[in-house]
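Inspection log for the structure reproduced underneath, given as structure tokens.
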Amino acid sequence: MKKIKLKNWPSEPPATVKGIQILAEAASVFFKIPIIELKSKKRTNEVVWARGVCMWIARDANYSSKIVGKWWHRDHGTVLHAVKLVNNLIETYPSYNDQFKKFKTFAKEYLKKHL
């Protein structure tokens, strides 16, 4: 009999992609950047930082890089790069780390209200 390899699924799969959308809305409010700009190809520091933080949080919530990238109109490699960038910035600069923590708290409350 042929053995079937089963894919390892996370113990708690993420909610629908709607969670990523609401996270983007939270970023739009917090960082004062329209969602259309966050999803655009724009690469200013402000947009890259806000978008990257959203990608980091989505990955932390067990969304796959492929799903996160697809929602943001990017590929999974861009998501992985964004996560590394955010990690580097929050480890290197206290101001980025402070803003990151404040946004995580804000986003958590925003998601509770809108999900």
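Position 1 is the first residue of the sequence; numbering continues from there.
Sequence neighbours left out, the pairs with a member in residues 101-115 that pass salt bridge (charged side-chain N to carboxylate O under 4.0 Å, His left out) are E109-K112. Applying the side-chain hydrogen bond (donor to acceptor under 3.5 Å, both in side chains) rule to pairs touching residues 76-85 yields D75-T78, sequence neighbours excluded.
Atoms CG and CD1, on L111 and I20 in that order, are 11.0 Å from each other to the nearest 0.5 Å. Here CG of L23 is found 10.0 Å from CG of L115. Values are rounded to the nearest 0.5 Å.
Considering only residues two or more places apart in sequence or on other chains, F103 meets the ring pair (Phe, Tyr, Trp, His ring centres under 6.0 Å) condition with F30, F31. Every residue meeting the ring pair (Phe, Tyr, Trp, His ring centres under 6.0 Å) condition with H114, not counting sequence neighbours, appears here in chain and number order: Y110. For K39, the side chain to side chain contact (heavy atoms under 4.5 Å, CB included) partners are I35, W71, W72, H73, not counting sequence neighbours. By the side-chain hydrogen bond (donor to acceptor under 3.5 Å, both in side chains) test, S65 is found to be paired with R59, residues two or more places apart in sequence or in another chain being considered. In this view, Y93 and Y96 satisfy the ring pair (Phe, Tyr, Trp, His ring centres under 6.0 Å) rule, not counting sequence neighbours. Shown here are the ring pair (Phe, Tyr, Trp, His ring centres under 6.0 Å) partners of W56, two or more places apart in sequence or in another chain: F100.
Across P34 and S28, no two heavy atoms sit closer than the pair CA-OG, 3.7 Å. Closest non-hydrogen pair, T92 versus N88, comes out as OG1-O, 2.7 Å. I90 and N97 make their closest contact through O-CB, 3.4 Å (heavy atoms, listed as atom of the first residue, atom of the second, distance).
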Name each donor-acceptor pair under 3.5 Å that joins a side chain in residues 41-55 to protein atoms two or more places apart or in another chain, with its distance.
residue : atom : partner : partner atom : Å
K42     : NZ   : E37     : OE2          : 3.1
T44     : OG1  : V47     : N            : 3.4
W49     : NE1  : Q99     : OE1          : 2.7
R51     : NE   : L38     : O            : 2.7
R51     : NH2  : L38     : O            : 3.3
R51     : NH2  : S40     : O            : 3.0
R51     : NH2  : K42     : O            : 2.8

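Grouping the Ile, Leu, Val, Met, Phe, Trp and Tyr side chains by contacts below 4.5 angstrom, directly or via other members, places V68 apart from L80.
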